[in-house]
Amino acid sequence: MIDSTMRVLDLSRLLPGPYCSRILADFGFEVVKVERPGGGDWSRHVPPLDPESGESLLFRALNRGKKSLSLNLKSDGGRYILLQLVETADVLLESFRPGVMERLGLGYGTLAQANPRLIYCALSGYGPGGPYRERAGHDLNYEGLSGLLDLTGPRDGPPSMVGAPIADLAGALWAAVGILLALLDRERTGQGQRVEGSLLGGALSVLPLPVAQHTAGHPVARGTNDLNGGLVCFNFYETQEGGYMTLSALEPQFWAIFCQVVGRGDLLDQQFAPALPGEPAFEKLCALFRTRSRQEWVQLLAGVDACCEPVYSLDEALSSAPVQALNMLADAGLLPPVRLSEQPVEAAHPAPVLGQHTAALLAELGYATADLASFQEQGIV
């Protein structure tokens with residue numbers, strides 16, 4: 001595991017920032033979640049809630065293995081304590097709008113003076129510059145602004161919402177990558193640095209293929225391109241009972257195997273035919289898939305390399321053999337999808353209650369029990 005002295009101060013809340021810091025916590029970083037007294041991270045109250053503890057299951061999944069420090073950063077005392085903690089930290093992660101930390105007197109310049117080795121990661125909606133830098137936003141806004149949403153759904157219909165908050169999660173993943181790269185660079189230089197990430201950038205980062213097509217002057221439109229519904233060989237089809245199958249036979253050998261197994265040699269030269277109503281190859285495939293139930297298709301194609309698999313509900317997916325084999329399912333949420341041979345992910349302690357580690361962290365800084373009581377009276381912690 002990572003040396004437990006590698007400390008992250010996480011000032012973020014809700015989904016993107018906590019997802020980023022949970023990646024680090026899962027691999028052994030000591031993550032100290034800095035939360036406002038009295039309420040804490042808003043995700044503590046997001047349903048569904050554990051019927052016994054009242055704890056949000058989402059909060060539990062995002063914050064396992066972390067410590068919680070309640071600290072009022074709008075107070076002089078709270079800011080002073082944070083500066084003391086910064087001297088002990090390797091990383092600080094925040095997800096405020098640009099300028100908020102500076103107005104609090106806790107901008108990167110100030111924190112870098114306190115600890116020149118600090119890696120400071122700012123994860124915002126729209127990045128540090130541009131006309132939207134101080135604008136509010138959520139995942140769907142970033143998907144819409146990046147072009148991702150317009151590429152999702154049928155060509156003649158409205159955009160379709162993606163089944164997961166792609167911008168939030170991609171932005172968080174890139175922030176984690178940035179932190180790790182900065183830590184690696186610090187091993188060489190001995191100096192910390194500022195890392196900038198954005199959720200709009202996260203949404204844009206998942207579009208290398210459409211952007212390449214656009215750069216080449218090829219039209220990019222919803223439901224018309226190779227990987228978003230424009231081809232018969234890369235699409236999904238309704239089955240007899242209303243379920244769906246995915247067909248992703250992009251390589252000629254997989255398409256040939258599919259045509260052979262389903263007994264449709266007449267489609268062999270139609271691999272890249274357009275997936276349009278009225279187009280013969282598309283209509284034939286639609287009719288073909290309706291001749292069997294989803295389960296019958298699964299049975300027919302079992303063990304066949306045709307890149308044809310069922311569309312599962314989440315319940316079906318979580319209980320399926322390929323998902324079970326990943327060993328990612330745990331009571332405290334999904335485990336990381338990567339494994340390091342010399343750094344196994346171990347069962348982490350549960351997500352902390354608000355302020356659970358405040359006393360211990362203050363004691364580490366040299367404060368006495370009487371100081372803690374005084375801070376609580378002043379609303380500092």
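The structure presented is a predicted model; accordingly, all values stated were derived computationally and were not measured.
- Separating the OG atom in S70 from the CZ atom in F375 is a distance of 11.5 Å, to the nearest 0.5 Å.
- Taking the side chain to side chain contact (heavy atoms under 4.5 Å, CB included) definition, one finds that S12 meets it with D10, P18, L93, S95, sequence neighbours left out.
- In plain terms, the two heavy atoms of L250 and C233 that are nearest each other are CD2-SG, 4.0 Å.
- Hydrophobic clustering (ILVMFWY, side-chain heavy atoms < 4.5 Å, transitive): V32 and L71 are in one cluster.
- Within a 6.0 Å radius of NE2 in H214, no more than 12 heavy atoms belonging to other residues, nucleotides or ligands are found.
- Tracing side-chain contacts under 4.5 Å through hydrophobic residues (I, L, V, M, F, W, Y), one reaches L106 starting from V381; they form part of the same cluster.
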Before giving the answer on side-chain contact (heavy atoms from CB on, under 4.5 Å), spell out for V91 and L118 the whole-Å C-alpha distance, their side-chain angles and the decisive distance to 0.1 Å. CA-CA 6 Å; V91 178; L118 181 72; 5.5 Å; no
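- D156 contributes atom CG, which lies 8.0 Å from atom CG of L276 (distance to the nearest 0.5 angstrom).
- In this structure, CE in M6 is found 5.5 Å from CG in L183, a value given to the nearest 0.5 Å.
- At a cut-off of 3.5 Å, with distance as the only test, a side-chain donor of S313 or E316 sits close to an acceptor on the other residue.
- With rounding to the nearest 0.5 angstrom, the OG atom of S248 is 11.5 Å from the CH2 atom of W255.
- Residues forming a salt bridge (charged side-chain N to carboxylate O under 4.0 Å, His left out) with D371 (at least two apart in sequence, or on another chain): none.
- Between L73 and the options I380, V100, L11, a side-chain contact (heavy atoms from CB on, under 4.5 Å) holds for only L11.
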Between Q84 and Y367, does the side-chain hydrogen bond (donor to acceptor under 3.5 Å, both in side chains) criterion hold? Intermediate values first, please. CA-CA 11 Å; Q84 289 181 291; Y367 291 103; 2.4 Å; yes
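- Contact check on D90 versus R117 returns no salt bridge, with no Lys/Arg side-chain nitrogen under 4.0 Å from an Asp/Glu carboxylate oxygen.
- Judged purely by distance below 3.5 Å, without hydrogens or angles, the side chains of Y120 and E94 pair a donor atom with an acceptor atom.
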Would R44 and S56 count as a side-chain contact (heavy atoms from CB on, under 4.5 Å) if you check the C-alpha gap in whole Å, the side-chain angles of each, and the deciding distance to 0.1 Å? CA-CA 5 Å; R44 287 184 176 275; S56 165; 5.5 Å; no
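- Salt bridge present: R7 and E30 bring a charged side-chain N and a carboxylate O closer than 4.0 Å.
- Scanning for side chain to side chain contact (heavy atoms under 4.5 Å, CB included) contacts around Y132 gives Y126, R135, L145, with sequence neighbours left out.
- Counting non-hydrogen atoms of neighbouring residues, nucleotides and ligands closer than 6.0 angstrom, the CD atom of Q324 exceeds 12 such neighbours.
- The heavy-atom pair separating L318 from V323 by the smallest distance is CA-CG1, 4.1 Å.
- Annotation: side chain of L301 is in contact with side chain of V261 (closest heavy-atom distance under 4.5 Å).
- Between the CG atom in L111 and the CE atom in M101 there is a gap of 5.5 Å [rounded to 0.5 Å].
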Kindly indicate, with the supporting measurements, whether the criterion side-chain contact (heavy atoms from CB on, under 4.5 Å) is fulfilled by K33 and D41. CA-CA 9 Å; K33 189 172 179 65; D41 188 334; 2.9 Å; yes
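- Checked by atom type, the side-chain pair E241/T239 shows a donor-acceptor distance below 3.5 Å.
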For a salt bridge (charged side-chain N to carboxylate O under 4.0 Å, His left out) check, start with the C-alpha distance between D26 and R64, then their side-chain angles and the critical distance, and finish with the verdict. CA-CA 8 Å; D26 279 342; R64 63 171 180 250; 2.8 Å; yes
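- Taking 4.0 Å as the cut-off between side-chain N and carboxylate O, R294 and E296 do not count as a salt-bridged pair.
- In terms of heavy atoms, N235 sits closest to G229 at ND2-O, 3.2 Å.
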Run the side-chain contact (heavy atoms from CB on, under 4.5 Å) check on D226 and F234 step by step: do they pass? CA-CA 7 Å; D226 292 358; F234 195 91; over 6 Å; no
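- Residues V262 and L285 fall within the same hydrophobic cluster, defined by Ile, Leu, Val, Met, Phe, Trp and Tyr side chains chained together at heavy-atom separations under 4.5 Å.
- Of the possible polar contacts, none joining the D50 side chain to the E55 backbone as a donor-acceptor pair under 3.5 Å is found.
- Residue pairs meeting the ring-ring contact (aromatic ring centres under 6.0 Å, His included) criterion with at least one member in residues 155-189, sequence neighbours excluded, do not occur.
- Heavy-atom minimum distance, A203 versus A167: CB-CB, 3.7 Å.
- With contacts defined as side-chain heavy-atom distances shorter than 4.5 Å, the pair L247/F236 does not qualify.
- Interatomic distance, CZ of R194 versus CG of L92, reported as 10.5 Å (0.5 Å rounding).
- In this structure, F289 has its ring center no closer than 6.0 Å to that of Y244.
- Between W297 and L288 the shortest heavy-atom distance is CZ2-O, 3.2 Å.
- A salt bridge between D266 and K284 is present, with a side-chain N of the basic residue lying under 4.0 Å from a carboxylate O of the acidic one.
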Side chains of residues 216-223: which donor-acceptor partners sit under 3.5 Å, not counting sequence neighbours?
{"unit_1": "R222", "atom_1": "NE", "unit_2": "P154", "atom_2": "O", "d": "3.2"}
{"unit_1": "R222", "atom_1": "NE", "unit_2": "G157", "atom_2": "O", "d": "3.2"}
{"unit_1": "R222", "atom_1": "NH1", "unit_2": "D150", "atom_2": "O", "d": "3.0"}
{"unit_1": "R222", "atom_1": "NH1", "unit_2": "D150", "atom_2": "OD1", "d": "2.8"}
{"unit_1": "R222", "atom_1": "NH2", "unit_2": "G157", "atom_2": "O", "d": "2.8"}

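- A continuous path of ILVMFWY side-chain contacts below 4.5 Å connects Y80 to L365, so both sit in one hydrophobic cluster.
- The nearest pair of heavy atoms linking Y142 to G125 is OH-CA, 3.4 Å.
- For CZ of F272, the number of neighbouring non-hydrogen atoms (other residues, nucleotides, ligands) closer than 6.0 Å is greater than 12.
- A salt bridge between R79 and D76 is present, with a side-chain N of the basic residue lying under 4.0 Å from a carboxylate O of the acidic one.
- Partners of R103 under the side chain to side chain donor-acceptor pair (under 3.5 Å) rule, at least two apart in sequence or in another chain, do not exist in this structure.
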